[in-house]
Amino acid sequence: MTGDRVRRIVHVDMDAFFASVEQRDNPDLRGRPVAVGGIQRGVVAAASYESRVYGVRSAMPSMRAMRLCPDLIFVKPRFEVYRAVSQQVRAIFAEYTPLVEPLSLDEAYLDLTDHLAGRTATRIAQEIRARIRAATGLTASAGVSYNKFLAKLASDQRKPDGLFVIPPEAGAGFVQGLPIGRFHGIGPATAARMQSHGIATGADLARQSLEFLTARFGKSGTYYWNIARGIDHREVKPDRIRKSIGAENTYFHDLRDLPEAHAALEELAGKVWRHASGAGRAGRTVTLKVKYGDFRQITRARSLPQPVAGQEQMLAIACELLAPVFADPHGVRLLGITLSGLEEGGADDA
């Protein structure tokens, strides 16, 4: 909320988007465990709900997914099809509000505050979901609330094909009942650090002072203090232009073995390439981020005269950048890969 003005924010998330498109277009895949991605040296770009029962998740190494679900069917990604469906969905959004902030091909925030036309945001969210189904044959889940953080949490509540509303009077209470691992913006490593301080739920987080959180989590502490109280002032920003796409991970045990670090980079490269391809973007610069066990941090980058050709080339560049800086007595606690110099295009390789 901003002052006394209550915003109406909707978060729409297509259900298992890539996998659902494949099941829609190939009846033989319906009702079966499906993963979009490559089997050899790849990651799962999307997992159908039938495969999730076995623990298969997006961004998971494909070989691990196969071990969890031996009957898993891998399908090569068709990003040109996913982009076309995404454009259909965004055209529907645009009929309700100009304030649409896409997060990826399959999800977006909509600010309906000044575009209700006599209807409630909940009613509009219902209409949008029905129109998406009619136009694409696919289902979408939606969350409705007074800010972006809660709308995104709400859209997860009744997946797939669900709608959930968190009104202003229920926001703080809803947050306090959730485990912190469910919070957008709190990853596994941060959640583990919070757990070490006795913070396991939203209620635990709300009991901490702003001073405590900023001392331990830096500038993110203010964000954590706010969301524990159901507060999020971020605006819905339409037509965001991403300058880079990256992924990083903080490891519970410092990496000291180079092959282990290469495996970690492979997972990161898969995640970055999946997002870049899904967004129809190509990039010329690969940047490696390394944080050592003593919290020293360095970056190394390499720019190409033409866009990076695929996930394997991006991984090879990252590994080459890592080789001369990996050996350190303190070990490596964080690795990251960023693809920048983005332009329209991108390969359909995952």
Side-chain angles (χ1 to χ4, degrees), residues 18 35-46 57-67 74-80 82 104 187 189 242-251 253-293 296-328 330-350:
F18 296 173
V36 176
I39 299 179
Q40 298 297 326
R41 296 180 60 80
V43 295
V44 175
R57 295 289 184 271
S58 63
M60 174 181 288
S62 299
M63 297 309 293
R64 183 183 173 203
M66 285 292 293
R67 288 194 295 269
F74 275 88
V75 179
K76 181 178 173 59
R78 297 181 298 151
F79 287 108
E80 72 286 352
Y82 311 146
S104 60
R242 297 190 68 167
K243 297 181 180 179
S244 64
I245 296 174
E248 63 181 45
N249 196 14
T250 300
Y251 302 98
H253 303 288
D254 293 341
L255 304 178
R256 298 180 183 276
D257 179 68
L258 191 56
E260 183 183 16
H262 285 172
L265 287 177
E266 183 175 351
E267 181 176 351
L268 293 171
K271 184 180 293 187
V272 172
W273 193 255
R274 175 169 59 90
H275 286 300
S277 298
R281 310 290 284 173
R284 297 172 181 267
T285 300
V286 177
T287 301
L288 172 74
K289 177 179 177 181
V290 181
K291 184 181 289 185
Y292 298 105
R296 285 179 298 115
Q297 181 175 302
I298 65 168
T299 59
R300 297 290 185 268
R302 181 176 300 166
S303 295
L304 303 180
Q306 67 285 324
V308 175
Q311 178 181 327
E312 291 298 322
Q313 185 181 23
M314 182 169 59
L315 173 61
I317 293 171
C319 289
E320 290 171 8
L321 293 172
L322 179 65
V325 299
F326 180 73
D328 188 277
H330 297 94
V332 170
R333 76 184 311 266
L334 176 147
L335 288 172
I337 298 176
T338 299
L339 184 66
S340 58
L342 298 182
E343 58 188 54
E344 291 294 330
D348 293 342
D349 176 27

Residues in side-chain contact (heavy atoms from CB on, under 4.5 Å) with Ala301, at least two apart?
-> Thr285, Thr287
Is it the case that more than 12 heavy atoms not belonging to Arg64 sit under 6.0 Å from its CZ atom?
-> no
Smallest separation among heavy atoms of Gly331 and Arg256, with atom names = N-NH1, 3.4 Å
Please report the shortest heavy-atom distance between Ser62 and Val44, naming the atom on each side.
-> OG-N, 3.9 Å
Compare all side-chain heavy atoms of Val332 with those of Tyr251 and state whether any distance is below 4.5 angstrom.
-> no
Give the minimum heavy-atom separation between Ala269 and Leu315, together with the two atoms involved.
-> CB-CB, 4.1 Å
To the nearest 0.5 Å, atom CD of Gln311 lies from atom CG of Leu339 at 11.5 Å
Separation between NE2 of His253 and CZ of Arg333, rounded to the nearest 0.5 Å | 12.5 Å
Any idea which heavy atoms bring Val325 and Tyr292 closest together, and the distance?
-> O-OH, 2.6 Å
To the nearest 0.5 angstrom, please state how far the CD1 atom of Ile245 sits from the CZ atom of Arg274.
-> 11.0 Å
Reported CD-to-CD distance for the pair Glu312 and Glu266, which is rounded to 0.5 angstrom = 7.0 Å
With rounding to the nearest 0.5 Å, note down the distance linking NZ in Lys291 to CZ in Arg296.
-> 12.5 Å
Can you name the side-chain contact (heavy atoms from CB on, under 4.5 Å) partners of Glu248, sequence neighbours left out?
-> Lys289, Leu334
Could you walk me through whether Leu322 and Leu335 pass the side chain to side chain contact (heavy atoms under 4.5 Å, CB included) test, one step at a time?
-> CA-CA 9 Å; Leu322 179 65; Leu335 288 172; 4.1 Å; yes
Would you call the rings of Phe18 and Tyr82 parallel, tilted or perpendicular if under 30° counts as parallel and over 60° as perpendicular?
-> parallel
Any idea which heavy atoms bring Pro307 and Ala282 closest together, and the distance?
-> CB-CB, 3.8 Å
Residue pair Leu321 / Val286: nearest heavy atoms and the distance that separates them | CD1-O, 3.9 Å
Measuring from Ile317:CD1 to Ile337:CD1, what's the distance to the nearest 0.5 Å?
-> 10.0 Å
